[in-house]
Engineer: 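Could you have a look at this structure, given as C-alpha cells, before my questions?
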Amino acid sequence: MVLYDDSATLAGSCSGSGSGSSSSFSSKPPPMQQQQQQDIDDLLAGAGYKVRSSELRKVAHRLERLETAMVNSPADFSQLASDTIHYNPSDLASWVDSLLSEFAEPPTYPSEFIMDPVTNQTVANDVWTTTNPNMPQVHQNISYEQQSLNNQLTVVTAMEEDSGIRLVHMLMTCAECVQRGDFSLATSFLKDMQGLLTRVNTVCGIGKVAGHFIDALSRRIFQGIGGGSINGGSAFENEILYHHFYEACPYLKFAHFTANQAILEAFDGHDCVHVVDFNLMHGLQWPALIQALALRPGGPPLLRLTGIGPPSPDGRDSLREIGLRLAELARSVNVRFAFRGVAASRLEDVKPWMLQVNPKESVAVNSIMQLHRLLGSDSNLNSPIETVLSWIRSLNPKIMTVVEQEANHNQPGFLDRFTEALHYYSTMFDSLEACTAEPDKTLAEIYIQREITNVVSCEGSARVERHEPLGKWRTRLSGAGFRPSHLGSNAYKQASMLLTLFSAEGYSVEENEGCLTLGWHSRPLIAASAWQAVSHAPAALDTHRPVQSKAG
Amino acid sequence: MVQSHHRGCHRQGNHETVGESKEKRPKFFINDHVDILIEILKRLDCRSLCVAASVCRLWCTIARNDSLWENLCFRHASPPPTSVRSVVLALGGYKRLYMGCVRPVRRRLGRARRASWAGDEVQLSLSLFCVDYYERLGGSNSNGRLVGESSPSSSLMFLCKPVNV
C-alpha cells in the first residue's frame, strides 16, 4: 500500500483530464464488473483498502501527519502494536483518523472493536478482515512507514515513473482492445488509466500526453469514429491556435523560412511571379518573402499572391483583410503586389481556373501541412490527392514547396497508428516544454491536442490528419510528375541560425537527400522539400536535367 | 593655469609665445563641431551610444539619428546595397531594427557564431523585422491583442526570452 504525499497532483489532474471523459463515460452505461459502490478507488480496493476517491487527498494528508507523529514519538509504537486491533485498517480513512486521534491523546485505549458503519460489508479479496490478529500486519505497516520516511522523495518519484510506464503500457493495451473491437475491456482500461492519471504529474511529461491520448481514446469508444470531429472548431479559432503554435515553437517558422528561401531562389531572374498558398491563415509566411524580393539584386518583381483558405462564416472576409495587410506592407517596401483570395473549405474543391494563372508568369505553389489532408482512406482511382497533384502539375510551377509532418499516421491498422502517434506527439510535447511564453504554450498545446484527437478518434472522411513520412511523399510526388529540387546550403544555414535563436537546445536540423528536417533530439518532426515539375518538352529545351527520363 | 606654467617654465625668451597662445588658442568644445561628434559617435557600440544619449540634448538628438544605428547594424557585415535603407526605413527604422532584432540575434548567435554568418545574421534579422512590422500592422485586429509602439510584437518574443542553459 502506497499513498503518495504530493496531494497537489490530485487536485489538479482529476478535474483536468478526468472530468471530460468521465462525464461522457457515465452517459452510456457499459457493463462494468467492479462497481457496487460509487466512488471507491478501485486500484486501492484491489490491494485490500477501501478509500473513497473524494477523500484520497484528506487521507494522504492524515497519513503524513501520522507518519510524523509516529516518528516523533516512537515510545507509543510498542503500545500501539501490542494491543489488540481496534480499528479496521481496510477502511483506510477512518483507520488513519483514529490512529491520529490516539496519538493526540496517548493513554486512552478504547477496548471495543470499532467498525465504521459505512463499510460494514467486506470486499471479496480483503485480506485484512480475517479473524487472525492483525497485529503483525499493523506492525509491518508501521515499519514500512518508518522506512519510507527516509527515502520519501525517491519513493514518490520512482512511483511516478513507474506509474508513467504503466500508463503507457495500459494505453497500448487499451488501443489493442479497441482494434480488436473489445470495447468493454477497453472501457475498463480507460477507467483504470484515469485513476492512474491522478498519480502522475499531468503538468508535464508523459502525464500530459497520456491525458490527451486517454481523452482521444474515450472519444473514439463513446462517441464513435465520426464523433471526435475537429471541424467543430471554427476557422477563426483554428487561425488563433495556429498563430500561437507559430509563436511557441520553431516548426512553422522553419517551414516558412525554408520554403521562402526555395521560392526566392526559384524566382531569380523572373519579373512576373505568382505564389499560390494552400493555407493562408494570417499570412505570416509572406512578409519575409516580400522583403527578400524587395531587396534582391535587380529589383523586385511584380508579385501576385493567391491565398486559399476556409470561408469565414460571419460575413467578414478574412482572406481579404490579410490581403490588404500584405498589400500595405508591400507598398511600404515598394513591391508591386496583387492579392487574390480563394475561399474553399476543402482543398479538393479548388479548381485551377479559380487561381487565374497567367501563362507568362512563374508560378510557385506552397503547401504547409495541407497535402496530407487529401489522402483518402481508400485508394481509388479518383483520390483527391491525385486530382490536386495533377492540376498543380498542369500549372507548370517553377517550384512547389511541400512541408509535412514527418510521421506515419496513415497506417490502416489502428494500433500501429496509435503507437506511432504516441511517440511522435510525446516528442513534440517534450520540445514544447522549452517554451515559456504564455498563452502561446497553452494554446499551442490545444492545437496539437486537436491533431491527436483527429488521428486517434476519427476514421474515414472525418480523419484529415493523415501524416505520411518523407519517403512516401517522395514516391508519391515523383509518380505525379515532379522531381526533387535540392534545398541549398543557404536554406540550411538559415534554418540552423533560426534554431540557434530559439532558447531550447534540443532542436536539430538535418539534411536528408536535399530535403531539410527539423527535429527534437534527432527525432525528425517536420520535413521541408521542394519540387519542380518535370517538363513534357523534349530534353533539349530543359537544360537542368542531365538524364532524360519520361515522366507520366 | 597653463599660462602661469608657461611663465614659470619659459621665463625670458618665450614671453611672445605665451602672449600668442593667450590670444590665439581657442577653447575647444566638441559640441561646436557636430560633424566630428557624429564621426565619433558613429563608432560607438550600442551601450555606449545609449549612455551618450543621456549626456545632453545635442548628443541625445544626434544619438537618435538613424544613420548611427545603421552603422551599428552593418558594422560587421559588408556594406549592403542602398535599397536596403529605404526598406528598413519603411519598416520602422534602424534603431528599431537594431534593438528589436539585430542585437538579440547577435547575442544569441554569439556563442555558436561563425564568421561567415555576419551577413546572414543581418538578413535573418531583416526578415524577422519584417514579420514584426506586419504583425504591428495587424494592431488590434489580430486576436484583440493591443500592440504597443515600443514593445515588440509577439513574433519577436522568442528573442526576448533568456536563453536556457
Side-chain angles (χ1 to χ4, degrees), chain A residues 236 239-240 243-244 246-250 253 256-257 260-261 282-292 294-300 316 318 321-322 324-326 328-329 331-335 433-437 439-440 443 490 493-506, chain B residues 80-92 97 101-102 104-114 116-139 141-145 152-165:
Chain A
F236 183 63
E239 281 180 16
I240 293 184
H243 192 142
H244 287 277
Y246 175 86
E247 305 295 354
C249 42
K253 288 196 173 78
H256 291 176
F257 275 75
N260 283 345
Q261 185 66 31
H282 284 161
L284 288 166
Q285 180 174 353
W286 307 117
L289 182 68
I290 294 175
Q291 172 258 312
L295 291 178
R296 73 171 189 177
R316 38 181 283 273
S318 54
E321 283 173 18
I322 303 294
L324 284 175
R325 260 167 82 180
L326 287 169
E328 193 178 327
L329 174 90
R331 202 183 48 229
S332 315
V333 298
N334 279 331
V335 174
E433 283 307 313
C435 166
T436 52
D440 291 335
L443 293 175
N490 280 335
K493 208 176 356 171
Q494 192 181 112
S496 309
M497 265 202 304
L498 189 65
L499 283 190
T500 323
L501 295 181
F502 271 84
S503 31
E505 308 233 338
Chain B
T82 47
S83 51
V84 173
R85 182 176 300 168
S86 55
V87 168
V88 176
L89 289 179
L91 297 179
L97 169 64
C101 301
V102 177
V105 166
R106 269 199 196 141
R107 216 176 338 143
R108 291 288 181 82
L109 291 181
R111 279 181 302 153
R113 188 204 240 153
R114 290 173 234 168
S116 58
W117 278 10
D120 300 305
E121 277 174 16
V122 184
Q123 283 304 319
L124 185 59
S125 309
L126 271 174
S127 304
L128 291 172
F129 189 52
C130 200
V131 180
D132 173 53
Y133 172 78
Y134 178 72
E135 290 204 345
R136 276 181 278 131
L137 271 186
N141 287 342
S142 60
N143 321 328
R145 235 195 305 212
S153 61
S154 50
S155 74
L156 293 181
M157 288 307 282
F158 75 102
L159 285 176
C160 297
K161 290 195 294 271
V163 179
N164 284 344
V165 180

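Every chain is numbered from 1, with letters handed out A, B, ... down the list of sequences.
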Engineer: Name the member of A:Pro250, A:Ala288, A:Ala294, A:Gly283 that forms the most heavy-atom pairs with chain B at distances under 4.5 Å.
Structural biologist: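 Result: the option with the highest number of such pairs is A:Gly283.
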Engineer: Which atoms of A:Leu326 are under 4.5 Å from chain B, going by heavy atoms: the side chain, the backbone, both sets, or neither?
Structural biologist: both
Engineer: As an exercise, state the distance from CD of B:Glu135 to CZ of A:Arg325, rounded to the nearest 0.5 Å.
Structural biologist: 7.0 Å
Engineer: Below 4.5 Å from any heavy atom of chain B, which atoms of A:Ile322 appear? Answer side chain, backbone, both or neither.
Structural biologist: both
Engineer: On a heavy-atom basis, which atom in B:Val105 and which in A:Leu501 lie closest, and how many Å separate them?
Structural biologist: CA-CD2, 3.8 Å
Engineer: Say you draw a straight line from NZ of A:Lys493 to CD of B:Gln123; how long is it, rounded to the nearest 0.5 Å?
Structural biologist: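 A:Lys493 atom NZ to B:Gln123 atom CD measures 10.5 Å (nearest 0.5 Å).
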Engineer: Check whether B:Leu89 gets within reach of chain A through its side chain, its backbone, both or neither, counting any heavy atom under 4.5 Å.
Structural biologist: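 Contact with chain A: none, neither part.
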Engineer: Look up atom CD in A:Gln261 and atom OG in B:Ser127, then write down how far apart they are to the nearest 0.5 Å.
Structural biologist: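 The OG atom of B:Ser127 is 8.5 Å from CD of A:Gln261, to the nearest 0.5 Å.
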Engineer: Between B:Val84 and A:Leu295, which heavy-atom pair has the shortest distance, and what is it?
Structural biologist: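 Reported closest heavy-atom pair: CA-CD2, 3.5 Å.
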Engineer: Give, for atom CD1 of A:Ile290 and atom SG of B:Cys130, the distance between the pair rounded to the nearest 0.5 Å.
Structural biologist: 7.0 Å
Engineer: What are the two closest heavy atoms between A:Leu498 and B:Leu124, and how far apart are they?
Structural biologist: N-CD2, 4.1 Å
Engineer: Is the shortest heavy-atom distance from the side chain of A:Val333 to the side chain of B:Tyr133 under 4.5 Å?
Structural biologist: no
